[in-house]
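These notes are about the structure you will find just below.
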Amino acid sequence: MKILVLSDSHSTMRFMKKCVERLKPDIIVHLGDHYDDGETLGELYPRIPLHQVAGNCDRYRCPIHAREMLCYPLGGVMTYMTHGHREQVKSGIGGLVAEARRYNAQVALYGHTHIPYCRQEEDGLWILNPGSASHSAGILKTDGQAVTACYLITEADLEENL
């Protein structure tokens, strides 16, 4: 499965739509800061499952039931999803990693910093921040049991054969 990970869209839809149209993901994840942008993607691409969390800028932009953290399997891989402000990721990712491990996650997805980041920990935990959805995104590929690829993309990458 190909999972498109987006965050911090702040009402900038152009790059996100281009990613969906070019990459044809099986799943879309939106990690907050303009929750309604994720809802718009869901309306534009209703056949692609959308999973999203609320960010620190979403207090008045999302339904009352919107969660700030989710953890369940995506593409057969236990995935911890958060915007990151609650885990204070601007001060480091230690809290994020600890929370993801507490849930036995194989992947930790976060945003908030607007800084793209992709790394695998020694214990196998993948950590991915797609950066700002105005110009970068993350791709997570799974085989139904494990992550087979995890990487960042920019607009220039969309012009290449992904």
Side-chain angles (χ1 to χ4, degrees), residues 1-90 93 95-96 99-100 103 105-118 126-142 144 147 149-155 157-159 162:
M1 295 205 111
K2 185 187 301 180
I3 302 168
L4 173 63
V5 184
L6 303 160
S7 188
D8 297 280
S9 49
H10 297 282
S11 297
T12 305
M13 298 293 301
R14 188 190 62 76
F15 180 72
M16 293 194 306
K17 289 191 284 188
K18 189 172 184 179
C19 285
V20 174
E21 291 166 8
R22 176 71 174 91
L23 300 172
K24 301 185 182 347
D26 299 298
I27 296 171
I28 300 170
V29 174
H30 187 273
L31 299 171
D33 274 3
H34 288 224
Y35 191 93
D36 49 340
D37 295 343
E39 290 180 324
T40 298
L41 281 179
E43 292 167 6
L44 290 171
Y45 307 100
R47 294 185 180 181
I48 304 173
L50 171 69
H51 303 267
Q52 62 178 348
V53 294
N56 61 299
C57 293
D58 289 323
R59 177 173 289 168
Y60 303 108
R61 302 185 78 89
C62 63
I64 192 95
H65 66 272
R67 306 275 309 275
E68 291 184 340
M69 185 280 292
L70 297 170
C71 189
Y72 49 74
L74 289 182
V77 173
M78 186 59 75
T79 306
Y80 181 87
M81 296 165 270
T82 186
H83 181 64
H85 62 291
R86 296 279 181 188
E87 294 85 357
Q88 301 177 352
V89 296
K90 286 188 177 181
I93 61 170
L96 170 83
E99 282 298 294
Y103 285 93
Q106 295 165 270
V107 178
L109 304 177
Y110 75 103
H112 192 51
T113 67
H114 295 214
I115 300 169
Y117 182 84
C118 182
W126 280 98
I127 303 166
L128 174 65
N129 180 335
S132 170
S134 65
H135 59 271
S136 65
I139 300 293
L140 185 64
K141 291 184 179 180
T142 71
V147 174
C150 185
Y151 54 93
L152 298 162
I153 61 167
T154 63
E155 189 142 15
D157 298 319
L158 292 178
E159 305 308 320
L162 297 173

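The heavy-atom pair separating Cys150 from Val147 by the smallest distance is CB-CG1, 4.2 Å. Considering every non-hydrogen atom in both Thr82 and Glu68, the closest pair reads OG1-O, 3.3 Å. Contact between Gly76 and Gln106 at its shortest, heavy atoms only, is O-OE1, 4.2 Å. For the residue pair Ile48 and Asp26, the shortest heavy atom distance occurs at CG2-O, 3.7 Å. The shortest non-hydrogen separation linking Pro116 to Leu152 is CB-CD1, 3.7 Å. Closest of all the heavy-atom pairs between Leu128 and Gly138 is CD2-CA, 4.1 Å.
Here the NE2 atom belonging to His85 is positioned 8.5 Å from the CG atom belonging to Asp58, to the nearest 0.5 angstrom. Of the inter-residue distances, the one linking Leu70 atom CG with Thr79 atom OG1 reads 10.5 Å to the nearest 0.5 angstrom. Between Thr154 atom OG1 and His135 atom NE2 the span is 9.0 Å, to the nearest 0.5 Å. Expressed to the nearest 0.5 Å, how far CG of Leu6 lies from CG of Leu109 amounts to 11.0 Å. Put simply, NZ on Lys141 and CD1 on Ile3 are 11.5 Å apart, with the number rounded to the nearest 0.5 Å. To the nearest 0.5 Å, the span separating CG on Leu96 from CZ on Arg86 amounts to 14.5 Å.
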Please test Lys18 against Glu159 for salt bridge (charged side-chain N to carboxylate O under 4.0 Å, His left out), starting from the C-alpha separation and ending with a verdict. CA-CA 10 Å; Lys18 189 172 184 179; Glu159 305 308 320; 2.9 Å; yes
Kindly indicate, with the supporting measurements, whether the criterion side-chain contact (heavy atoms from CB on, under 4.5 Å) is fulfilled by His112 and Ser7. CA-CA 8 Å; His112 192 51; Ser7 188; over 6 Å; no
Starting from the C-alpha separation in whole Å, work towards a yes-or-no answer on side-chain hydrogen bond (donor to acceptor under 3.5 Å, both in side chains) for Glu99 and Tyr110. CA-CA 12 Å; Glu99 282 298 294; Tyr110 75 103; over 6 Å; no
Checking Ile153 against Cys19 for the side-chain contact (heavy atoms from CB on, under 4.5 Å) test, could you report, in this order, the C-alpha distance in whole Å, the side-chain angles of both residues, the deciding distance, and whether it holds? CA-CA 9 Å; Ile153 61 167; Cys19 285; 4.1 Å; yes
Show your reasoning for whether side-chain contact (heavy atoms from CB on, under 4.5 Å) applies to Thr113 and Lys90. CA-CA 6 Å; Thr113 67; Lys90 286 188 177 181; 3.9 Å; yes
Verify side-chain contact (heavy atoms from CB on, under 4.5 Å) between Gln52 and Glu39, making sure each step is shown before the conclusion. CA-CA 9 Å; Gln52 62 178 348; Glu39 290 180 324; 3.4 Å; yes
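Between Phe15 and Ser9, the closest side-chain pair of non-hydrogen atoms is not below 4.5 Å. Counting only heavy atoms from C-beta outward, the side chains of Cys57 and His10 approach each other to under 4.5 Å. Considering only heavy atoms from C-beta on, Tyr151 stays 4.5 Å or farther from Asp157 through its side chain. Looking only at side-chain heavy atoms (C-beta outward), Cys118 and Trp126 come within less than 4.5 Å of each other. In this structure the side chain of His34 never reaches within 4.5 angstrom of the side chain of Met13, judged on heavy atoms. In this structure, His30 and Tyr35 have side chains that are not in contact, with every pair of non-hydrogen atoms separated by 4.5 Å or more.
Under the side chain to side chain donor-acceptor pair (under 3.5 Å) criterion, Tyr103 pairs with no residue, sequence neighbours left out.
Applying the side chain to side chain contact (heavy atoms under 4.5 Å, CB included) test between Lys2 and each of Thr142, Leu140, Ile139 identifies Ile139 as the sole match. Shown are Asp8, Asn129, Asp33; of these, the side-chain hydrogen bond (donor to acceptor under 3.5 Å, both in side chains) with His114 is made only by Asp8.
Environment of CD in Gln88: sparse, with no more than 12 heavy atoms of neighbouring residues, nucleotides or ligands closer than 6.0 Å.
Counting only N and O atoms by type, the side chains of Thr40 and Asp37 include no donor and acceptor under 3.5 Å apart.
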